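The next block holds one structure in the form of structure tokens; read it before the comments.
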Amino acid sequence: MTNDAAGSAAVLAAEEITPGEHWTGEFLGFTMNIDTIIATAIAGAIVCGLGLYMARGVTRGRPTTLQLVFEALTGWVQGQVRDGMGLRAPRGVVSLGVTLFAFILICNLLAALPSEHVLPPPTADVNLAYPMMLLVIIWVQVAGIRARGAKKHFGHLTEPYAFLAPSEIITQYFARPVSLSLRLWGNIFAGGIMVSIIALLPAYILWAPNAAWKLFDIFIGVIQALIFTLLTVIYFSEAVGSDEEAATH
Amino acid sequence: MSDEALVLLSESFAFLIILFVLYRYVWPILSRMATKRQDEVQQQVDDSEAAARNLEQARSSLESALAEARGEVARIRDGARADAERLREELREQADREVERIRQRGEEQLVAARDQTVRQVRAEIGGLLMQLAERIIVESLSDDERKAATVDHFLDELDQMVNPGTDRDHEREFAPAGAGDEARA
């Protein structure tokens with residue numbers, strides 16, 4: 001399941017460093033990117049482990065630093081959901097947002113390890129970015145239909161002008177899903193390409209630009225996790241509608 | 001050393017630099033924020049605990065005050081009850097004494113009245129006996145039958161005067177005296 005972009009990137013990279021190329025295996029007739037699966041599992045295990053470790057140390061008194069981090073994240077997502085949807089927020093949106101952020105962040109941070117050539121961040125593979133996008137887009141549709149009814153949910157496409165419906169449909173069902181998934185994938189994948197290019201430098205000098213770039217990559221990883229989560233909440237808000245909107249209609 | 005190993009070595013060194021930079025420049029900021037927040041939470045917990053303690057203290061002092069007030073009320077009520085009991089007892093004794101005194105005086109009066117009555121009756125009987133004696137002497141000159149009738153009549157009169165209600169004599173002590181007075185009048 002290698003794609004064109006990955007293919008062309010591989011041409012640029014050094015022979016031994018090939019972003020976009022994966023170890024693959026066959027399973028039920030599908031080609032599996034084993035490195036992505038392993039990295040995804042590792043990231044998932046880290047997120048779950050941190051969560052469980054944090055939950056075990058939860059106290060009523062002075063919170064641990066890890067608990068503060070989770071509280072800050074949850075608080076931020078809750079704030080976004082409350083601002084966007086108020087009481088109309090579908091159940092589980094906050095959990096989805098927190099999970100997406102934590103998981104994408106850990107995935108992206110795997111890029112900072114020197115093991116990047118062996119085990120690239122799973123978000124640098126569209127095969128992780130697309131399913132996450134599908135999860136969000138389908139969930140948003142379901143939440144919208146549940147909140148406003150199918151007729152109103154799809155009828156919303158013709159508002160305020162019916163002749164703009166095609167562009168609205170393209171936005172909702174094509175541009176948004178594609179941009180949501182490829183933005184994440186592209187940013188992280190580009191980081192991998194940069195590291196591969198830097199690796200073409202002589203070994204005694206490449207550590208400096210590598211360190212500089214990876215520090216920047218960490219920043220990008222945080223930003224991308226943030227954007228993915230924020231957009232998810234915004235899509236939900238748009239589909240479900242705010243309290244004021246529900247009150248005036 | 002192969003190129004690949006050199007690259008890996010160099011990148012590992014880069015990773016150490018990254019860790020150093022994060023530790024030196026990023027961690028202090030996050031740590032400061034975390035410490036601040038932890039202190040805030042600790043402060044809030046302390047405040048809330050202090051407030052809970054104060055509340056508990058206030059509640060216990062309120063309860064002790066209530067218990068004290070209840071005890072006071074009970075004591076006052078018991079005292080009042082005892083006072084009332086004592087007063088009632090005193091009044092009853094007083095009343096009993098009064099009744100006893102009145103009864104005694106009444107009995108004394110009764111005895112005195114009876115004595116007087118007896119004396120009067122005796123005096124009167126003495127007079128009447130004199131009259132009888134006169135009549136007998138006068139009428140003895142006529143016949144014995146009338147003499148007997150006179151004596152009987154006199155005895156009847158006397159009887160009626162002294163004992164108008166023979167049956168009630170023992171039950172009502174006043175009756176003979178009253179009856180005697182009436183008979184005398």
Side-chain angles (χ1 to χ4, degrees), chain A residues 13-18 54 57-76 109-120 191-192 194-222, chain B residues 1-70:
Chain A
E15 277 169 41
E16 69 270 30
I17 296 163
T18 51
M54 182 276 295
V58 164
T59 58
R60 265 187 70 248
R62 192 183 181 86
T64 59
T65 310
L66 191 60
Q67 186 184 340
L68 283 179
V69 171
F70 272 94
E71 276 178 5
L73 170 60
T74 312
W76 174 71
L109 291 185
L110 288 180
L113 300 175
S115 61
E116 197 183 358
H117 305 304
V118 190
L119 206 66
M194 277 299 288
V195 169
S196 299
I197 292 171
I198 289 167
L200 295 175
L201 294 170
Y204 60 85
I205 192 69
L206 76 83
W207 55 268
N210 181 281
W213 172 258
K214 283 201 171 179
L215 277 170
F216 184 55
D217 215 20
I218 289 170
F219 176 68
I220 290 176
V222 175
Chain B
M1 218 181 213
S2 72
D3 279 358
E4 205 171 334
L6 278 175
V7 168
L8 189 64
L9 195 69
S10 185
E11 288 191 346
S12 298
F13 180 60
F15 184 63
L16 291 178
I17 293 174
I18 291 168
L19 287 183
F20 174 74
V21 170
L22 289 181
Y23 175 74
R24 181 77 180 72
Y25 297 103
V26 180
W27 180 248
I29 300 172
L30 295 178
S31 175
R32 213 167 33 241
M33 280 163 59
T35 308
K36 195 167 150 249
R37 180 84 189 111
Q38 278 170 337
D39 289 348
E40 273 174 31
V41 171
Q42 188 64 54
Q43 183 64 41
Q44 285 168 359
V45 168
D46 289 351
D47 287 355
S48 121
E49 270 170 10
R53 252 198 320 275
N54 282 345
L55 179 66
E56 196 50 48
Q57 223 163 17
R59 188 174 290 150
S60 71
S61 75
L62 169 71
E63 251 155 40
S64 72
L66 265 179
E68 207 174 306
R70 274 199 206 103

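Keep in mind that what you see is a predicted model, and the values were worked out from it rather than measured. Each chain gets a letter, A, B and so on, in the order its sequence line appears, and its residues count up from 1.
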If one checks every heavy atom of L68(A) against chain B at 4.5 Å, the contacting part turns out to be side chain

Side chains of I218(A) and L22(B), heavy atoms from C-beta outward: is any pair under 4.5 Å? yes

Closest heavy-atom contact between P114(A) and L8(B)? O-CD1, 3.9 Å

Between S115(A) and chain B, which part of the residue has a heavy atom less than 4.5 Å away: side chain, backbone, both or neither? neither

How far apart are the closest heavy atoms of A203(A) and V7(B), and which atoms are they? CB-N, 4.4 Å

For I18(B), is it the side chain, the backbone, both, or neither that has a heavy atom closer than 4.5 Å to a heavy atom of chain A? both

The interface call for D39(B) against chain A, heavy-atom contacts under 4.5 Å, is both

Do you know which two heavy atoms are closest between L206(A) and E11(B), and how far apart they sit? CD1-CG, 3.7 Å

